[in-house]
A.B. asks: 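Handing you a structure now.
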Amino acid sequence: MIKNQTSVAEAVGKGHPDKQADAMSDAVLDVKMDRAVAAGHPPSSVRVACEVMINGVDIIVGGEISAPEGVYDAEAVEAAVREVYFASGNDLRDDLRVTNLIRPQAGEIAALTIDGAGDQGIMEGYATTRTRSMLPPETEKAWALIRRAYDLATDGTLHWLRLDTKSQVALDPSGEVISVIMSVQHRASVDLEELRREVLDRVVHPCLGDVAPDLVKINHKGSFIEGGADADCGLTGRKIVVDAYGPSVAVGGGAYSGKDATKVDRSAAYMARFIARQVLASHPGGGTDCTVKLAYGIGQLQPEAASAIIDGKHDVSDWVRARFSDLSPRAIQDRLGLWRREGWRYRDTASFGHYGRDLFPWEQAE
């Protein structure tokens with residue numbers, strides 16, 4: 001049993017129905033931005049707040065999108081959603097149904113997002129020097145298992161392994177692994193004992209070291225053949241703690257996926273992470289952990305509040321406000337290249353977490 005002082009985190013694979021929905025929402029955002037550029041408009045000319053529900057063969061796409069004339073295209077939305085569905089490990093099928101309920105963004109909101117925050121929100125950022133990814137150790141380990149399983153499934157090493165995977169890792173106060181849970185979707189062709197042996201040897205041990213087998217539970221309740229959206233409904237934004245830092249770090253009020261960079265619950269959350277990393281790299285007092293909080297009201301150019309704490313006790317908010325004097329949504333968008341997307345796409349964030357991977361600009365040293 002997990003005790004009170006244990007640190008525990010979970011992660012889920014790209015075949016999980018919630019992550020499929022997240023990826024679909026972000027694919028729609030990418031497509032709208034790409035179409036704007038192709039039509040000679042700046043990518044910042046689009047406003048996207050796209051939500052997806054996936055349940056079996058039914059996909060419902062909703063939310064609000066505004067774009068210059070000729071940029072929005074319903075067929076492009078459906079094509080993006082379908083492409084993600086099959087890239088997420090689902091079997092090819094002809095009976096997939098996509099219902100498009102997207103409508104234009106409200107005019108009052110559109111007027112506020114020209115320069116200011118698209119909505120009110122509280123954003124949390126975090127970084128730690130205890131891990132290479134600057135994520136909490138338990139979160140880094142949970143994601144390592146998911147990424148390793150994905151690699152082995154997609155390169156054919158474990159050809160029976162599918163992409164609806166889940167991991168959970170618990171650490172004692174000294175950082176030792178005391179519990180590992182993995183649930184992996186699989187094809188019926190593999191024997192359950194073979195699956196457990198292969199996942200232990202090829203996934204758990206390479207990621208976590210020589211963890212004692214009695215601390216590891218792999219599909220401990222039996223087979224997991226029917227998975228993904230065939231077994232569970234998926235919704236955009238339902239994995240906000242998994243997407244961020246895990247349960248040891250507070251989360252803000254909003255999810256990330258399907259939202260363009262005017263939505264501060266996405267862009268300012270990325271900025272809060274960026275600031276936390278820079279504090280640990282540059283503040284003269286040093287430190288191991290940094291937590292950053294930003295809060296905006298709708299339409300505001302600058303945050304209502306901005307604070308940073310090192311190691312839970314050292315307030316370095318003044319240093320942060322001096323170094324990052326402009327935290328307007330537009331300044332954040334420009335500083336992090338959130339409209340340019342050089343070398344990455346929003347869809348990339350929907351799998352394997354929004355933090356701890358070098359391809360994203362908010363993960364780069366200044």
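In this chain, numbering begins with 1 at the start of the sequence shown. Below, all heavy atoms of this structure are taken into account, side chains as well, without hydrogens, waters or symmetry copies.
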A.B. asks: Indicate yes or no for a side-chain donor-acceptor contact from Arg35 to the backbone of Val71 under 3.5 Å, with no hydrogens or angles considered.
C.D. replies: yes
A.B. asks: Compare every heavy atom of Pro43 with every heavy atom of Ala36, then report the nearest pair and how far apart it is.
C.D. replies: CB-CA, 4.4 Å
A.B. asks: Is there any salt bridge (charged side-chain N to carboxylate O under 4.0 Å, His left out) pair reaching into residues 235-258, and which pairs are they, with sequence neighbours excluded?
C.D. replies: Asp18-Arg238, Asp18-Lys239, Lys19-Asp243
A.B. asks: Supply the atom-to-atom distance Tyr126 OH to Asp289 CG, rounded to the nearest 0.5 angstrom.
C.D. replies: 3.5 Å
A.B. asks: Under the 3.5 angstrom rule, does the side chain of Ser267 hit a backbone N or O of Thr262 as a donor-acceptor pair?
C.D. replies: no
A.B. asks: Under 4.5 Å side-chain heavy-atom separation, chaining through any Ile, Leu, Val, Met, Phe, Trp or Tyr, what else clusters with Leu101? Say none if it is isolated.
C.D. replies: Met53, Ile60, Leu235
A.B. asks: Leu163, Phe86: one ILVMFWY side-chain cluster at the under-4.5 Å cut-off?
C.D. replies: no
A.B. asks: Checking side-chain polar atoms at under 3.5 Å, does Ser25 have a donor or acceptor matched by the opposite partner on Thr236?
C.D. replies: yes
A.B. asks: Are any non-hydrogen side-chain atoms of Arg345 and Asp34 less than 4.5 angstrom apart?
C.D. replies: yes
A.B. asks: Determine whether Gln302 and Asp326 make a side-chain contact, defined as any pair of heavy atoms from C-beta on separated by less than 4.5 Å.
C.D. replies: yes
A.B. asks: Does the side chain of Lys141 reach to within under 4.5 Å of the side chain of Leu171, using non-hydrogen atoms?
C.D. replies: yes
A.B. asks: Please check if the side chain of Gln278 supplies one atom and the backbone of Phe274 the other of a donor-acceptor pair under 3.5 Å.
C.D. replies: yes
A.B. asks: Side-chain contact, heavy-atom cut-off 4.5 Å: Asn90 with Leu96?
C.D. replies: no
A.B. asks: When you compare the side chain of Tyr85 with that of Val98, does any pair of heavy atoms fall below 4.5 Å?
C.D. replies: no
A.B. asks: With distance as the sole test, does Asp191 use its side chain to make a donor-acceptor pair with the main-chain N or O of Glu194 at under 3.5 Å?
C.D. replies: yes
A.B. asks: Any sub-3.5 Å donor-acceptor pair from Gln20's side-chain atoms to Gly15's backbone N or O?
C.D. replies: yes
A.B. asks: Taking the six-membered ring for Trp, are Tyr270 and Tyr256 closer than 6.0 Å centroid to centroid?
C.D. replies: yes
A.B. asks: Taking the side chain as every heavy atom from C-beta outward, state whether Val81 and Glu78 have any pair of such atoms under 4.5 Å apart.
C.D. replies: no
A.B. asks: Ignoring hydrogens and angles, tell me if any N or O in the side chain of Glu124 forms a donor-acceptor pair with the backbone of Ala250 under 3.5 Å.
C.D. replies: no
A.B. asks: Is there side-chain contact between Ser45 and Pro68, with at least one heavy-atom pair below 4.5 Å?
C.D. replies: yes
A.B. asks: What is the distance from atom CD of Glu51 to atom OG of Ser257, rounded to the nearest 0.5 Å?
C.D. replies: 9.5 Å
A.B. asks: Indicate whether the side chain of Ser44 and that of Gln333 have a donor and an acceptor atom separated by less than 3.5 Å.
C.D. replies: no
A.B. asks: Around Arg103, counting heavy atoms of other residues, nucleotides and ligands shown, do more than 12 lie under 6.0 Å from its CZ?
C.D. replies: no
A.B. asks: Are the side chain of Arg341 and the backbone N or O of Met33 linked by a donor-acceptor pair below 3.5 Å?
C.D. replies: no
A.B. asks: Do Thr131 side-chain atoms and Pro137 backbone N/O form a donor-acceptor pair below 3.5 Å?
C.D. replies: no
A.B. asks: Pick one: which of Asp22, Asp26, Asp260 meets salt bridge (charged side-chain N to carboxylate O under 4.0 Å, His left out) with Arg266?
C.D. replies: Asp26
A.B. asks: When Glu363 is tested against each of Arg357, Arg273, His354 for side-chain hydrogen bond (donor to acceptor under 3.5 Å, both in side chains), which residue passes?
C.D. replies: Arg273
A.B. asks: Examine distances only and state if a side-chain atom of Tyr72 and a backbone atom of Val77 form a donor-acceptor pair shorter than 3.5 Å.
C.D. replies: no
A.B. asks: So which heavy atom on Thr6 is nearest to which on Ala170, and how close?
C.D. replies: CG2-CB, 3.5 Å
A.B. asks: Could you name each residue pair satisfying side chain to side chain donor-acceptor pair (under 3.5 Å) that touches residues 145-163, not counting sequence neighbours?
C.D. replies: Asp91-Arg162, Asp155-Thr157
A.B. asks: Could you work out the complete set of other residues in the hydrophobic cluster of Met134, with links drawn between I, L, V, M, F, W and Y side chains under 4.5 Å apart?
C.D. replies: Leu280
A.B. asks: Taking all atoms of both residues into account, what is the closest heavy-atom pair of Gly287 and Ile310, and its distance?
C.D. replies: CA-CG2, 3.7 Å
A.B. asks: Name each donor-acceptor pair under 3.5 Å that joins a side chain in residues 211-232 to protein atoms two or more places apart or in another chain, with its distance.
C.D. replies:
{"from": "Asn219", "atom 1": "OD1", "to": "Val184", "atom 2": "N", "distance (Å)": "2.8"}
{"from": "Asn219", "atom 1": "ND2", "to": "Val184", "atom 2": "O", "distance (Å)": "3.0"}
{"from": "Asp230", "atom 1": "OD1", "to": "Arg93", "atom 2": "NH1", "distance (Å)": "3.4"}

A.B. asks: Suppose the criterion is salt bridge (charged side-chain N to carboxylate O under 4.0 Å, His left out): which pairs have a residue in residues 295-313, not counting sequence neighbours?
C.D. replies: none
